[in-house]
Every structure is written in structure tokens, then in C-alpha cells.
Amino acid sequence: MRAAARGADGGGDDRAGACRSRAAAPGGDGITEPLRYDHAHVEARWQRFWDEHQTWKAVRSTDGRPKKYVLDMFPYPSGAGLHVGHPEGYTATDILSRYFRMRGVDVLHPMGWDAFGLPAEQHAIETGTHPARTTAENIATFKRQLKVLGFSYDWSREIDTTDPGYVKWTQWIFLQLFHRGLAYQDEALVNWCPALGTVLANEEVVDGKSERGGHLVVRNPLRQWMLRITAYAERLLDDLALVDWPRGTLTMQREWIGRSEGAEIVFAVAGQEGKQIAVFTTRPDTLMGVTYMVLAPEHPLVREVTTSAQRRGVDAYVAAAARKSDRDRTAAARDKTGVPTGGFVVHPITGQRVPIWVADYVLGGYGTGAVMAVPGHDERDFAFARAFGLPVVEVVSPDGQEHTHLDAAFTDDGVAVRSGEFNGLATAACQAAVVDKLEAIGRGKRTVTYKLRDWVFSRQRYWGEPIPIYFRVELDDPRGDPRRGARHVIRHDQPIAVDERELPLRLPDLLEYRPGDDPAGPLARVADWRFFQKDGRWFARETNTMPQWAGSCWYYLRFLDPKNDAEPWSEKAYDAWMPVDLYVGGAEHAVLHLLYARFWHKVLFDAGRVKHPEPFMKLVHQGMILGEDSEKMSKSRGNVINPDDIVREFGADVLRLYEMFMGPLDAVKPWQSAQILGVARFRDRFYAVATRELSDAIDADTRKKLHKTIEKVTRDVEAMAFNTAISAMMVFLTDLAAHERPPREGVLALTLLLSPFAPHVAEEAWKHLGHERSLAYEPWPAYDETLTIDETQEMPVQVNGKVRGHVTLPRGAPESVAREASLGVAGVRAAMGGKAIRRFVYVPDTIINVVV
RNA sequence: GCCGGUGUGGUGAAACUGGCAUACACGCUGGACUCAAAAUCCAGUGCCCGCAAGGGCGUAGGGGUUCGACUCCCCUCACCGGCACCA
């Protein structure tokens with residue numbers, strides 16, 4: 001396949017005249033006159049050529065050459081079409097893919113569509129158009145827009161997460177999770193909006209009302225599918241050491257996982273035999289300073305510890321907390337609220353009674369949902385104690401002395417005081433001693449807690465992968481038909497996996513996508529789809545669907561073997577290309593997508609389906625491109641740039657060059673239309689120089705510049721410093737253009753260097769320079785190290801740190817020579833003013849500094 | 001509030017490991033070509049003083065380390081992004 005591409009001729013209809021259609025310089029003689037460049041014509045022709053010759057088909061050689069898997073985060077094909085932010089990362093990976101091919105590396109560089117998603121469903125609700133149709137149209141638009149940019153994707157591997165052939169394997173992976181006990185059902189609190197008949201995400205809820213429409217939202221417990229990602233917390237944390245990712249992203253993942261070491265301490269409830277409350281604390285050394293206990297409002301023991309005298313207050317407080325969204329509950333972070341329960345626990349060491357309060361500053365979902373409050377040494381507990389007049393006791397002292405008054409919580413390490421047998425111990429030692437004691441008396445143990453929570457994996461939506469699970473249906477009347485409304489009970493407590501041979505489980509077509517009033521989602525209404533009979537018994541399908549994350553959790557694996565119908569990917573395909581060597585995408589996915597995909601990968605690792613503990617070896621985030629006003633691009637601001645417009649006016653090569661020339665790939669940078677002219681001129685100047693009459697000789701100076709340029713561009717491409725690589729090529733082009741007849745050797749090399757950045761113009765020039773074949777697999781130019789180093793070096797001479805002159809010395813000249821030469825410079829002598837030299841700093845080939 | 005990032009000409013930016021601050025590009029000024037314009041090409045362009053030679057200042061602000069700091073350390077300010085009572 002590749003041989004065909006490599007051996008193919010330059011193809012097509014082109015003759016000089018075809019690409020000079022706009023040249024027609026009046027009076028030009030047409031022979032030495034440089035050619036004008038018609039980007040629309042040339043780019044379309046090369047894109048057709050690459051397609052026809054399958055130039056970018058990824059083929060793994062058997063000759064032991066290296067491979068690179070270069071992956072973009074695949075887009076959600078929105079109705080708005082491509083945005084200038086998309087081509088930024090895509091151009092970067094394309095440059096590297098093309099560069100690697102020229103270095104003799106096998107490259108897998110695929111593209112596909114993350115095509116399930118809310119907008120298509122929303123559109124269906126509003127217009128009745130089937131989401132599959134909207135999705136197909138959007139994909140067509142995106143694909144057309146990407147193709148005109150000339151990216152070297154292997155389109156034969158294109159995938160679409162909504163394709164039944166893909167859904168089949170997403171469901172298959174879900175079943176692997178299910179069979180391994182990692183997918184389970186639980187009641188989870190969700191934001192249910194009865195008026196909209198749907199469940200809303202946290203960010204869609206503002207002040208207890210829906211963002212759209214302002215309808216009431218209630219927090220209802222709803223049966224949900226959960227994935228046990230917490231079982232992988234430790235490995236997700238530890239294996240971050242194996243990857244080459246941006247530091248900030250690693251930090252965010254670590255904090256999201258939120259590992260915390262401490263102790264679980266058990267307090268007996270006073271007067272209630274056998275009842276106890278466990279707390280988690282990172283500071284067991286402050287145990288002797290506990291003055292009260294706090295339960296989260298949703299803690300299961302709240303009712304039981306509440307005395308009848310406090311019941312009304314507690315019930316009201318708990319009910320009010322349940323109405324608040326997570327956002328609201330944490331927004332008013334400063335004012336502490338809470339109520340006493342009237343109940344007490346017994347301190348495990350002193351035996352003293354400690355009052356139990358309920359307060360929503362304690363979170364039900366973290367740790368044990370209860371804390372031992374130590375106001376002397378925790379800021380939140382201190383604020384709460386102040387607000388409610390609870391006692392504050394110092395048990396950790398900065399200086400080992402007891403202090404009678406605390407103005408604020410002392411949260412640093414110190415020395416234990418007022419702590420009985422633990423007095424005088426430093427914080428670390430005290431923690432160990434307290435936990436040892438608790439373990440000895442059976443009242444506590446060392447534990448590790450994570451902030452990471454299990455992943456709510458079901459959505460009450462239509463446009464997602466159906467969860468391949470069904471349940472037994474129990475009918476009051478055994479001959480009844482649940483599709484016709486016969487009374488029945490669905491045994492959700494006994495989930496049954498759909499047989500793998502029956503996958504994919506397809507979505508039914510709907511006429512009405514509106515969610516309706518059933519929180520089980522639109523699929524619950526499709527009785528003919530939902531209920532089915534097997535062996536004379538009735539069953540009901542799961543009507544929840546998977547979240548959009550599902551498809552993107554494993555798409556990099558499907559690219560390996562996208563047409564395989566017998567398995568998700570073959571071992572051979574896996575061995576050929578995995579792991580992903582470079583992954584480029586937005587920083588907004590720093591946590592969720594990247595954590596979920598790593599989790600699935602580890603599950604597949606345990607199932608023996610993948611062989612590397614981590615999927616993405618190197619990760620790079622492209623920076624956001626802002627509008628010309630330096631604001632985020634948005635329709636409402638009217639500052640959106642459409643890549644189609646840029647391509648039409650200047651061509652794909654110019655858009656690619658511009659986006660790479662703007663600045664460092666990972667920097668946030670504003671779009672500046674005026675700057676595009678600079679790279680457009682560069683492209684046109686390059687083509688003009690390449691099509692001039694060339695010289696077969698090359699002078700020594702240009703030769704040196706050539707080799708320095710190759711060295712610089714090579715280093716910069718490897719470091720993904722594309723802006724400076726382009727700058728180096730601009731400088732070299734200016735050098736070439738200064739020759740009446742530019743040296744052919746230099747033009748040829750520059751054409752190859754430029755080709756990953758601006759492939760169309762480079763191919764066109766390459767052909768003009770007499771080549772029959774595409775340059776896609778030409779060897780990358782090599783440089784001679786010795787030619788990149790000059791024999792002499794001009795160096796600044798400073799006097800007391802200020803530059804006062806320059807000297808040119810042979811490389812590595814001895815200090816004595818440097819000294820003599822510098823002191824001979826008039827400006828240096830003048831600046832020294834006859835003063836004695838205190839020190840002579842000489843860094844060979846770099847700088848001279850005379851200190852007087 | 002916490003965490004992370006950024007701050008360099010009129011503008012986007014460059015400066016490898018502490019070694020000539022401002023490469024490359026835009027813009028601007030002047031010139032060439034042209035009847036003219038566009039396009040293209042050439043030259044200049046950090047700020048201040050000066051006719052000039054030359055000098056001084058200059059990488060958000062202040063301090064420090066160093067022969068030497070955009071780069072390392074401390075403090076302050078501004079902007080951007082993320083997270084928000086995680087015991």
C-alpha cells in the first residue's frame with residue numbers, strides 16, 4: 001500500500017499552465033519569471049492525490065522499524081462546525097506525523113467522532129429530527145472541513161462512537177466491568193426537574209432552579225448505574241509516575257483522587273448499647289482536644305442519636321439541607337450552620353461525654369460522613385465553635401507551653417499538651433502513639449481515604465449507548481402483557497447481562513424525544529423495545545443509557561483495528577501500535593476524560609486485553625485561541641473566526657502556518673488576522689524562490705546556513721516548538737532569495753523541512769523541482785554537525801557587566817588570547833578608565849567580562 | 001480563600017543550561033518600481049537626552065544572590081485558568 005504511495009507519480013492534470021492560471025504577468029516572458037501560486041487549485045489537487053494513492057494509510061512494517069501512535073482528542077461534531085481551536089492541536093500532530101514518516105517511522109494517525117451527546121438530542125426534541133441524522137450531517141461537515149486542511153489522517157480507520165459496530169464493543173466493555181463487579185446499581189441523588197422531565201447536571205442548576213426556564217429542581221434519589229473507579233484509586237495515582245504529562249495536569253489528577261492518610265476512630269454513642277460513630281481524621285494526635293462531634297445531615301445515625309427535645313430542629317435542618325444543591329451548600333462557605341442533636345458520644349480514651357451536632361459543613365460523601373471536631377486545631381471547627389459557643393481546647397502547642405486563649409486554630413505541627421499520657425510528644429510521634437493506643441483498645445485504625453468517588457454512569461437520555469442489561473419482570477397475572485400495561489414489578493435487584501452474541505443492543509427509533517415525566521428516561525416509554533419474552537417469561541431492558549464519556553474511554557483502542565467484528569481489536573493490531581506515543585488535546589479534559597480512560601484501560605489490563613498499564617505516554621495540551629479582542633471566542637461576543645474563511649482566502653497551508661507561528665503550542669494566545677499576511681507572504685515567497693532558476697553550486701556560507709537551519713528545525717520540531725522552527729525557515733528563505741540563482745541544494749532541503757507544516761505548497765514545489773513522487777516518505781534532511789559550528793566566534797566584551805565592545809576569536813581560544821584581544825578594544829579601554837583589573841571572566845565562545 | 005499559570009517594544013512573540021534583551025512576524029516611517037494605485041522589493045524602527053559622536057534607562061513593581069539575572073531567591077501588584085468547608 002505504501003509502496004504505491006511512494007512510487008506514485010505526481011499525478012493529475014497539472015502542467016505549468018494549470019497552476020499559473022492567475023499568473024499572467026503582463027509583459028512577463030514566462031521563463032525565468034517566478035510562478036504565482038494558486039492555493040485553491042494546488043491544495044485541492046494534492047488532497048485528491050493523497051486520497052487516491054492512500055498515501056496516509058498506516059501500515060506496520062515487518063523490518064523492525066520504529067512506530068509512533070500520534071493521537072488527537074477526537075471532536076464532538078457540533079452543529080457549529082469546526083472552530084479555529086480544532087486545527088491548532090491537529091496541525092501540531094500532523095506536523096509530527098509527517099516528520100516521523102520522513103524519519104522512516106511507521107505512523108498511526110487516525111481521526112474519528114465522539115458523536116453521542118446532548119446537543120443532537122436537544123435538537124431532536126425541538127425539531128423531531130432523528131439525532132442520528134443530525135449527527136451524520138454534522139460529521140459530514142466536520143470531515144469536509146478537516147479534509148481541506150490537508151491533515152495526513154488514515155481515513156480508512158475513521159470511527160464514529162454512535163455506529164452500531166462501535167457501540168457493540170462499548171457495550172462489550174461495559175459487560176467486562178459488570179462481570180468483574182465494577183458496575184453496580186445504587187440510589188444516587190440527582191437533580192430532577194419535573195417541569196422539564198429530565199435530570200440536570202450540577203452546572204445546569206442555579207439557586208435550586210433549572211438554568212433554562214427557571215423551573216424547580218429537586219434532589220431525588222434515583223436508581224443509577226455506578227462504576228467502581230475508587231477500587232482503582234491507588235493505581236490511578238501511582239501510575240501517574242509512568243507518564244510524561246504536563247506537571248499541572250498531573251497535579252490536578254492527584255488532587256482529584258485526593259489520597260489522604262489518617263485514622264478512623266470509633267466513638268460509642270452514649271446510652272445506646274452497640275451504636276457507634278466512626279470518624280476519619282488526618283490528625284489523630286488532636287483526639288484529646290475533641291469538644292464536640294458533627295454528623296453530616298445525610299448521616300444514617302442522625303435520627304437515632306437525636307433526642308425528642310431536639311427532633312423538630314434536627315428534622316427541619318436535615319430537610320433544608322436536602323433541598324440545597326451541592327453548589328448552594330458549599331457556596332456560602334463562611335457562615336457555619338448546624339443544630340445540636342441532644343445526643344452524646346463517649347470519648348474513647350477519656351470516657352468523657354461529647355455532644356453530637358448536625359451541620360452541613362460536614363460532607364456525607366467523604367470519609368465516614370462524620371468528624372470529631374477539634375476547634376483548637378481546625379479552622380472550620382474553630383469557626384463553628386465560635387458561632388455556637390462551644391469550648392475550644394489547646395492540645396497542640398507551638399512551644400510546648402500551655403496557652404489559655406486561642407485567637408485562631410493552630411493547625412501546624414507542635415507538641416502535645418493537656419493530653420495526659422501523650423503530653424510532650426511531637427505531632428508525628430503523637431499521631432503514632434494515639435493510633436497505637438486506639439488499635440490496642442479496638443477503637444480505631446490507620447486508614448487511607450480518597451476524595452475520588454464512584455462514577456455515576458447512567459443517564460436518563462435517549463442519545464447514548466443502551467446499557468446491555470435486563471431484568472426479570474414479575475406479573476400479577478402470569479398471562480398479562482406488560483407492554484399493554486399489565487401490573488408488574490421489575491426486579492432491578494437482579495440485573496442480567498445481555499448475551500455478548502446479541503450485541504450491539506440498538507436504540508429504538510422514537511417519534512418523541514421529549515423526556516416525559518418518568519425519571520427512567522425516554523426509553524422507558526418504548527414498551528415494545530423495553531419488554532420482551534424469552535422462554536415464555538417476561539423481561540425488561542435497562543432504559544438508562546451511558547454518558548458521553550463512554551465512547552471516548554476506549555476509542556484509541558478501536559483505531560487499532562476499527563473494522564474487526566469478531567473482537568474489539570486484535571492482539572496483533574495492539575502489538576503493532578500501542579501504546580499511544582503522543583496525545584494532544586485541550587486542558588479542559590485534564591481530569592475527567594483522562595481519568596476515566598485510564599480507569600477503563602486498567603480494567604482492560606486486568607482482563608488481559610491490553611498489555612501496558614497506561615494508555616497515553618506523552619500528553620500535550622494546546623492552548624486556547626482567543627478572539628482578536630483577547631476574549632474567549634463565542635457567538636455572543638461575535639468574535640468567532642471560521643477556519644473555512646481563512647482557507648478560502650489564503651489556503652490551508654497558511655492557516656496551518658499561522659496557527660503554528662502564533663506562539664508556543666501550549667500558550668493561550670489571541671487571534672490576529674493581520675499576522676496571517678506574514679505567513680502568507682512567506683508561503684508565496686517560498687514558492688517564488690523554489691520556482692526560480694536555480695544554481696547547482698552552493699557557496700560555503702549558504703551551505704553553513706543550510707545545515708544550521710536543518711539542525712534548528714529538526715530540534716524545534718522534536719520539541720514541538722513550531723513557532724521558532726518557522727522563524728528559522730523564514731530566515732533561511734531570505735538568505736536563499738538573496739541569491740540571483742538560489743542554490744538547488746538549499747531549496748530542496750527547505751522544501752522538505754517545510755513540508756510537514758505546509759504540505760501542499762511543498763509537494764507542488766517538489767514536483768516543480770523535478771520529482772515524480774510525493775515527498776511524504778522522502779528522508780528528512782540530514783545535517784553535518786561540523787558545519788553547524790563556526791571556527792570563529794564573535795563575543796561581547798563587558799566591563800563591569802556592560803557591553804563595551806566585541807572581539808572575534810577562534811573557537812575555544814585560550815584565556816590569554818581572549819584577554820589580549822579584549823584589552824585591545826578601544827571602547828573597552830575607555831570604559832576601564834585605566835583602572836586595575838580585579839577579575840577577568842572568560843567563558844569560552846560565549847562572553848568576556850572585565851571587572852575593574 | 002487555595003492551587004496552577006502568565007506578565008518582555010505600538011502588537012503576536014524570541015532568548016538553548018545564569019552570558020550581547022527584543023530573533024521572526026505584524027504595524028509604522030522612508031525609499032525603489034508605477035502615469036497612479038495595489039502587489040512586490042530595499043532600508044529604518046525599545047524609550048529618553050543629543051546636530052552628531054556618544055551617553056543614560058529598560059523584561060509588571062520593590063528588594064536580594066552573582067563578575068553577570070527575562071532566567072535563581074524573597075515580598076508586592078495585575079491578569080488568566082482550575083478547585084472550592086475533603087476533616
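Letters A, B, ... mirror the listed sequences (proteins, then strands); counts begin at 1. Computed over heavy atoms, backbone and side chain alike; hydrogens, waters and symmetry mates excluded.
Comparing A25(B), U11(B), A13(B) against the side chain of Arg685(A) picks out A25(B) as the nearest. Picking from C85(B), C20(B), G19(B) the nucleotide with the shortest atom distance to the side chain of Tyr361(A) gives C85(B). You'll find that the side chain of Arg804(A) is closest to G55(B), out of G12(B), G55(B), G19(B).
Comparing A13(B) with U6(B), their P atoms are spaced 13 Å from each other, to the whole Å.
Applying the 4.0 Å criterion to OP1 and OP2 of G5(B), one finds that Arg247(A) has a side-chain N or O inside that range. Close to A87(B), at under 4.0 Å from its OP1 or OP2, lies no side-chain N or O of Arg283(A). Within the 4.0 Å cut-off from OP1 or OP2 of G27(B), at least one side-chain nitrogen or oxygen of Arg681(A) is found. For the OP1/OP2 pair of A87(B) and a distance below 4.0 Å, the side-chain nitrogens and oxygens of Tyr366(A) include at least one atom meeting the criterion.
Looking at heavy-atom distances under 4.0 Å, Lys451(A) makes contact with a base. Heavy atoms of Asn723(A) sit under 4.0 angstrom from primed sugar atoms or phosphate atoms, though from no base atom. Counting non-hydrogen atoms under 4.0 angstrom, Lys802(A) reaches the backbone sugars and phosphates but no base. Backbone-only engagement by Met252(A) is indicated by non-hydrogen atom pairs under 4.0 Å involving sugar-phosphate atoms exclusively. Among the protein residues, Val843(A) comes within range of the nucleic acid bases, having at least one heavy atom under 4.0 Å from a base atom. Using a 4.0 Å heavy-atom cutoff across all strands shown, Ser260(A) reaches sugar-phosphate atoms only and no base atom.
For Glu740(A), there are no side chain to side chain contact (heavy atoms under 4.5 Å, CB included) partners two or more places apart in sequence or in a different chain.
For A14(B), there is no paired nucleotide, since no Watson-Crick or G-U wobble pair has both relevant distances below 3.5 Å. A53(B) is unpaired under the criterion used here, namely a Watson-Crick or G-U wobble arrangement in which both key atom distances are under 3.5 Å.
Judged as a side chain to side chain donor-acceptor pair (under 3.5 Å), the pairs with a partner in residues 654-670 of chain A (not counting sequence neighbours) are, in order, Glu88(A)-Lys669(A), Asp94(A)-Arg656(A).
Aromatic ring orientation, His593(A) versus His589(A): perpendicular (interplanar angle above 60°, classes split at 30° and 60°).
A syn base is found at G9(B): its glycosidic angle is within 90° of 0.
Remark: the backbone N or O of Ile356(A) is paired with a side-chain donor or acceptor of Thr341(A) at under 3.5 angstrom.
Rounded to an integer number of Å, the gap from Met662(A) CE to A14(B) P is 12 Å. Atoms CE (Met729(A)) and P (A23(B)) sit 19 Å apart, rounded to a whole Å. For Glu379(A) and C85(B), the CD to P distance is 14 Å, given to the nearest whole Å.
Sorted by residue number, the members of residues 844-851 of chain A with any non-hydrogen atom under 4.0 Å from RNA chain B read Thr846(A), Ile847(A), Asn849(A), Val851(A).
Taken from CG in Asp378(A) to CE in Met372(A), the straight-line distance is 9.5 Å, to the nearest 0.5 Å.
Contact detail for Val396(A) and Asp413(A): the closest heavy-atom pair is CG1-C, 4.3 Å.
Checked for salt-bridge contact, Lys705(A) and Asp735(A) meet the test: a charged N lies under 4.0 Å from a carboxylate O.
A donor and an acceptor atom, one from each side chain of Tyr37(A) and Thr691(A), are nowhere located under 3.5 Å apart.
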